[in-house]
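Note on naming: letters A, B, ... go to the chains in the order of the sequence lines (proteins, then strands), and numbering restarts at 1 for each one.
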There are 2 protein chains.
Amino acid sequence: MVTIYDIAAKAGVSAMTVSRVINNTGKISDKTRAKVKRVMEELNYVPNQTARSLVLQQTRILFLLITDITNPFYTTLARGAEDAATKNGFRLLFGNSDESLDKESDYIQTILSTRVDGVLVAPAGDPSLPHLEKLRRHNIPFVLLDREVPGIGCDVVLGDSKEGGRRLVEHLAEHGHRRIAMINGSSSISSARLRLQGYREAMKLHDLPCGELDIYETSFGLRSDLSGIEAWLDAMPEPPTAIIAGNNVLALEVMSVLRKRGISVPEQISLVCFDDLGPYADFDPFITVIAQQAYHFGYIGMQMLLERIQEREPSAPWKKIVLPAELIVRRSVAEPPSP
Amino acid sequence: MVTIYDIAAKAGVSAMTVSRVINNTGKISDKTRAKVKRVMEELNYVPNQTARSLVLQQTRILFLLITDITNPFYTTLARGAEDAATKNGFRLLFGNSDESLDKESDYIQTILSTRVDGVLVAPAGDPSLPHLEKLRRHNIPFVLLDREVPGIGCDVVLGDSKEGGRRLVEHLAEHGHRRIAMINGSSSISSARLRLQGYREAMKLHDLPCGELDIYETSFGLRSDLSGIEAWLDAMPEPPTAIIAGNNVLALEVMSVLRKRGISVPEQISLVCFDDLGPYADFDPFITVIAQQAYHFGYIGMQMLLERIQEREPSAPWKKIVLPAELIVRRSVAEPPSP
DNA sequence: TAGCGTAGAGTTATCGATAACATTTCAAGC
DNA sequence: GCTTGAAATGTTATCGATAACTCTACGCTA
């Protein structure tokens with residue numbers, strides 16, 4: 001591998017001169033600069049970023065840790081983050097925790113040892129706290145995306161989950177639904193908690209019945225086994241006329257179970273969810289959703305992270321951005337079937 | 001930031017002894033080992049991977065460069081690659097070239113300067129050749145995924161694109177279609193070329209008409225402007241009764257145009273494509289596709305890459321794996337409407 | 001008890017770059 | 001021709017780890 005010394009030797013200058021040419025610093029005569037550049041081209045020289053990071057104490061690499069790389073919400077978010085990062089001369093690496101605390105922990109370790117300059121995290125849930133404290137202890141700036149974690153102070157970009165929950169209930173109530181059930185992610189995840197809270201408040205406000213059996217708490221991630229969902233549907237004494245899914249993955253899974261049972265949406269049951277389906281919503285614009293501005297989550301989060309890294313205002317108070325929830329009405333809601 | 005010297009000082013040993021404890025090499029008394037470990041815990045020490053990489057001349061980091069992070073084909077592939085990498089103690093970083101040669105070139109530069117141990121590339125197309133030659137010149141092992149590039153020798157994992165093209169035509173022909181059009185990615189991409197070739201051969205075999213206007217060559221990536229597709233549909237003298245899309249993104253876009261025009265699928269026109277829609281195919285199992293084993297592309301490609309890196313067989317001949325194409329019949333194909 | 005082998009440590013050089021300081025070069029001014 | 005100061009370039013130390021070598025102390029053997 002060609003090093004800066006090889007270039008220096010061949011160009012008949014010192015390594016420092018080559019370094020100055022590379023970084024455009026200090027004073028170099030045009031003649032020397034040209035000669036060094038020519039030699040670099042000739043030998044296909046590429047500076048060793050590892051060596052550079054070691055002395056500069058910064059990598060200009062940022063990390064985005066998401067919980068589900070196959071979920072379009074996160075890939076769209078990733079695009080936003082990437083765009084903001086490259087626009088500022090940083091590179092972005094991705095990691096995928098799969099909603100697992102263990103994998104998340106591994107990635108945190110990787111992040112610490114790689115000495116990245118900053119991290120964007122969609123945490124697996126409240127128990128992610130120790131992971132975040134680790135980042136804090138090691139002075140690595142980070143911004144939370146989509147989910148808050150109680151107990152840690154930091155910048156965070158959230159969606160208006162509670163409001164989203166309310167709106168979905170209202171939308172269904174307007175169509176005459178009274179038996180509205182909800183399937184949701186774990187309550188150890190702040191967004192799931194707020195979605196549920198919004199749902200509960202709106203149900204109460206509209207004087208709709210809502211027993212504990214109407215709510216099913218499971219994981220946001222993709223599962224191979226849908227029997228939990230089946231059991232839940234069977235357990236409700238009076239079947240619901242509408243279901244709210246806490247995210248897009250859960251909606252897919254509920255849909256799959258309903259189809260298997262020959263229950264048609266929206267004729268026999270209405271179905272709505274949080275999070276849009278990315279490009280696929282376009283394909284068959286079927287399901288009514290609370291859409292989140294996924295791209296903006298990434299873009300804004302990245303901007304906040306870069307501000308912390310470049311510390312325009314040292315130790316500014318933590319910021320919390322809440323992006324609005326938008327109801328997109330499509331074709332998955334109808335009047336409840338007459339009894 | 002805590003360094004190995006801080007640990008050494010506090011534990012009253014040399015840095016080398018700490019290094020030996022970290023890496024479990026050499027001989028260390030149990031007493032010393034315990035003391036060093038305790039100090040490392042106390043100070044939350046994490047070894048600096050940058051420094052380590054510099055001296056070891058290896059990073060244990062691999063890179064996956066894909067062309068569309070929002071395409072489920074690639075995210076599923078990414079999962080496979082990640083699983084194979086972590087299983088072997090390597091970490092995997094992702095990059096997204098967006099089907100752009102320029103972005104691809106930037107990533108190649110990043111890869112070279114980061115000194116990763118190996119690369120999995122889905123190239124933007126045949127003009128990616130110089131980028132791959134750069135990797136070769138710098139002795140970075142790489143494996144191509146999904147697309148070949150003429151002019152470079154390397155391991156590659158492909159889908160059986162030609163066979164897929166044939167099968168789609170046959171499937172449509174069996175349903176009585178004679179006017180079958182195709183929208184496809186750029187012919188500078190090997191998989192697009194083969195898909196087209198399969199289509200052409202099958203059309204000829206079945207004695208079906210196929211003029212130049214029936215084929216529309218565009219980009220595989222997502223576009224905001226669908227007017228090209230509109231113009232193509234308008235330009236065909238006799239409208240087709242079926243359309244084959246060269247990948248899932250193109251199918252989405254064609255679908256979008258058709259819906260806008262009030263043309264229903266499959267009643268008025270049949271639509272099939274290459275590549276499945278990931279989890280979304282489950283949601284509304286609508287479109288008939290040639291599915292590729294996306295996960296296996298990643299998993300197998302990664303295994304081949306690791307073999308090259310660990311050089312079990314130095315300079316073994318290049319391997320070319322062709323994964324079978326599977327026709328999944330759903331509901332987007334019907335008999336052509338009677339004239 | 002001298003000699004020797006080895007477990008358990010330490011020393012020094014190195015990876016490839018850059019910061020900080022040091023030195024050389026050369027043109028302008030008197 | 002000599003001084004002076006800025007421009008141009010070089011030298012040395014450093015970042016945090018590891019490889020390769022060296023050293024020390026102790027126990028066993030003859």
### Message
Given 3.5 Å as the limit, does a donor-acceptor pair link the side chain of B:D146 with the main chain of B:L158, or not?
### Response
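No.
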### Query
Just by distance, do the side chain of A:D6 and the backbone of A:T3 share a donor-acceptor pair under 3.5 Å?
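Checking the backbone N and O of A:T3 against the side chain of A:D6, a donor-acceptor pair under 3.5 Å is found.
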### Message
Any carboxylate oxygen within less than 4.0 angstrom of a Lys/Arg side-chain nitrogen, looking at B:R308 and B:D155?
### Response
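A salt bridge links B:R308 with B:D155.
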#### Entry: Note: B:R79-A:D98 ion pair, threshold 4.0 Å (strictly below)
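Result for this pair is yes, salt bridge flagged.
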### Steps toward side-chain contact (heavy atoms from CB on, under 4.5 Å) verdict (B:I61, B:T114)
CA-CA 9 Å; B:I61 293 180; B:T114 311; 5.5 Å; no
### Query
Would a 4.5 Å heavy-atom cut-off, applied to side chains only, mark A:P123 and A:E148 as touching?
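Result no, sub-4.5 Å side-chain heavy-atom pair not found.
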### Task
With the side chain counted from C-beta on, respond yes when B:R20 and B:K27 share a heavy-atom pair under 4.5 Å apart, and no when they do not.
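No, every pair of side-chain atoms sits at 4.5 Å or beyond.
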### Task
Applying ring pair (Phe, Tyr, Trp, His ring centres under 6.0 Å), name anything that partners A:F73, two or more places apart in sequence or on another chain.
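Partners of A:F73 by the ring pair (Phe, Tyr, Trp, His ring centres under 6.0 Å) criterion, ordered by chain and then number, come out as A:F297.
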### Query
Just wondering, are more than 12 heavy atoms of other shown residues or ligands nearer than 6.0 Å to NZ in A:K35?
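Yes, enclosed.
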### Query
Taking DNA chain D as the partner, which of residues 31-47 of chain A come within under 4.0 angstrom of it by heavy atom?
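Nucleic-acid contacts, sorted: A:T32.
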### Task
Scan residues 3-30 of chain B against DNA chain D and write down, sorted by residue number, each residue with any heavy atom closer than 4.0 Å; if none is found, say none.
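Listed by number, they are B:T3, B:I4, B:Y5, B:M16, B:S19, B:N23.
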### Query
Which residues pass the side chain to side chain contact (heavy atoms under 4.5 Å, CB included) test with A:L101, sequence neighbours left out?
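Residues passing side chain to side chain contact (heavy atoms under 4.5 Å, CB included) with A:L101: A:E104, A:A124, A:P127, A:S128, A:H131.
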### Task
Go through DNA chain D in 5' to 3' direction and return only the first and the last nucleotide with some atom under 4.0 Å of chain A's heavy atoms.
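Both ends considered, the range comes out as D:dA7 to D:dG16.
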### Message
Show, in sequence, the C-alpha distance, side-chain angles and deciding distance for A:L145 and A:V121, and conclude whether the side-chain contact (heavy atoms from CB on, under 4.5 Å) test is met.
### Response
CA-CA 6 Å; A:L145 299 181; A:V121 193; over 6 Å; no
### Query
How bent is the helix from C:dT1-D:dA30 to C:dC30-D:dG1, comparing axes over its five end pairs at each side, to the nearest 10°?
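One end axis against the other gives 60°.
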### Query
Parallel, tilted or perpendicular for B:F63 and B:Y107, by the 30°/60° rule?
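Ring orientation, 0 to 90° scale: tilted.
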### Task
Classify the nucleic acid contact of A:Q49 as base, sugar-phosphate or nothing, counting any heavy atom under 4.0 Å across all strands shown.
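The residue A:Q49 makes no contact with any strand.
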